[in-house]
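What follows is one structure encoded as structure tokens, with my remarks underneath.
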Amino acid sequence: METTFIMIKPDGVQRGLIGDIISRFEKKGFYLKAMKLITVERSFAEKHYADLSSKPFFGGLVEYIVSGPVVAMVWEGKGVVATGRLMIGATKPSESVPGSIRGDYAVEVGRNVIHGSDSVGSAQKEIALWFPEGLSEWRSEMHPWIYEA
Ligand SMILES: Nc1ncnc2c1ncn2[C@@H]1O[C@H](COP(=O)(O)OP(=O)(O)OP(=O)(O)O)[C@@H](O)[C@H]1O
């Protein structure tokens with residue numbers, strides 16, 4: 001099944017939103033396949049956001065990501081990449097709808113609480129970068145109550 005990379009950014013950790021965010025993904029019917037609390041080096045943050053290196057906000061974005069621990073996770077489920085992005089909400093909190101994570105908890109684009117992979121391809125790259133040790137192989141006993149097949 002599809003997997004995505006989700007990161008609770010330093011503001012989400014500092015604000016005590018870890019439990020709520022994990023709970024949303026669990027209750028939806030997605031499976032947690034890997035998780036760690038980690039403070040990343042600048043070079044690692046630059047690698048994660050390499051596609052944005054030419055943006056004017058790149059320096060501030062890297063400062064933000066290295067400013068404290070983040071929670072890095074892999075979630076699995078049918079359509080989890082696209083659905084995860086919907087659950088997270090639009091990049092700019094002023095445009096993210098209430099009910100989404102950013103819509104409920106964020107005000108500023110530079111403090112938008114959470115990251116989620118934007119495609120299946122970038123999910124694969126990000127999971128390889130953040131979890132070279134691999135994922136847990138397990139499936140919930142609830143599977144038939146969540147998925148038709
Ligand atoms: N104009 C901006 N000013 C400041 N920070 C920004 C701006 N645009 C984006 N960012 C930051 O860079 C991150 C990555 O931007 P991107 O365009 O990839 O959005 P995203 O895919 O919704 O976010 P993420 O990759 O964090 O999930 C944003 O989540 C935000 O924290």
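One-based numbering along the sequence shown.
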Between S117 (side chain) and S119 (backbone), is there a donor-acceptor pair under 3.5 Å? no
Within the 4.5 Å heavy-atom criterion, are S100 and I88 side-chain neighbours or not? no
Can you tell me how far apart CZ (R139) and CD1 (I146) are? Round to the nearest 0.5 Å. 10.0 Å
In Å and rounded to the nearest 0.5 Å, what is the NZ to CG distance from K28 to L86? 8.5 Å
Minimum heavy-atom distance between A106 and P93, given as atom pair plus value: O-CB, 3.2 Å
Rounded to the nearest 0.5 Å, what's the gap from NZ on K27 to OG on S23? Could you check? 3.5 Å
Which pairs pass side-chain hydrogen bond (donor to acceptor under 3.5 Å, both in side chains) with one or both residues in residues 80-97, sequence neighbours excluded? none
In this structure, CG of L17 is separated from CG of D104 (nearest 0.5 Å) by 10.0 Å
Is the backbone of V113 close enough, under 3.5 Å, to the side chain of D11 for a donor and an acceptor to pair up by distance? yes
With a 4.5 Å heavy-atom cut-off, do H48 and F5 have their side chains touching? yes
Would you call K125 and D51 a salt bridge, taking side-chain N to carboxylate O under 4.0 Å as the test? no
I21 and V70: same hydrophobic cluster, using ILVMFWY side-chain contacts below 4.5 Å? no
T4 side chain reached by V74 side chain, heavy atoms, under 4.5 Å: no
For the backbone of E108 and the side chain of R102, can you confirm whether one donor and one acceptor N or O come within less than 3.5 Å of each other? no
Donor-acceptor contact present, side-chain Y105 to main-chain R15, <3.5 Å: no
Heavy-atom check, side chain of E2 versus side chain of W75, under 4.5 Å: no
Is K9 close to N112 at the side-chain level, that is, under 4.5 Å between some pair of heavy atoms? yes
Can you tell me how far NE2 of H115 sits from CG of L61, rounded to the nearest 0.5 angstrom? 10.5 Å
Within a reach of under 6.0 Å around CG of D20, are more than 12 heavy atoms found that belong to other residues, nucleotides or ligands? yes
A quick test of your reading: do over 12 heavy atoms of other residues, nucleotides or ligands sit less than 6.0 Å from CH2 of W138? yes
If you round to the nearest 0.5 Å, how far is OG1 of T3 from CD1 of I127? 3.5 Å
Exercise answer: donor-acceptor pairs, residues 31-45 side-chain atoms, under 3.5 Å, sequence neighbours excluded:
{"unit_1": "Y31", "atom_1": "OH", "unit_2": "H143", "atom_2": "ND1", "d": "2.6"}
{"unit_1": "K33", "atom_1": "NZ", "unit_2": "E76", "atom_2": "OE2", "d": "3.3"}
{"unit_1": "K33", "atom_1": "NZ", "unit_2": "S136", "atom_2": "O", "d": "3.3"}
{"unit_1": "K36", "atom_1": "NZ", "unit_2": "W130", "atom_2": "O", "d": "2.6"}
{"unit_1": "K36", "atom_1": "NZ", "unit_2": "E133", "atom_2": "OE2", "d": "3.0"}
{"unit_1": "R42", "atom_1": "NH1", "unit_2": "E63", "atom_2": "OE2", "d": "2.6"}

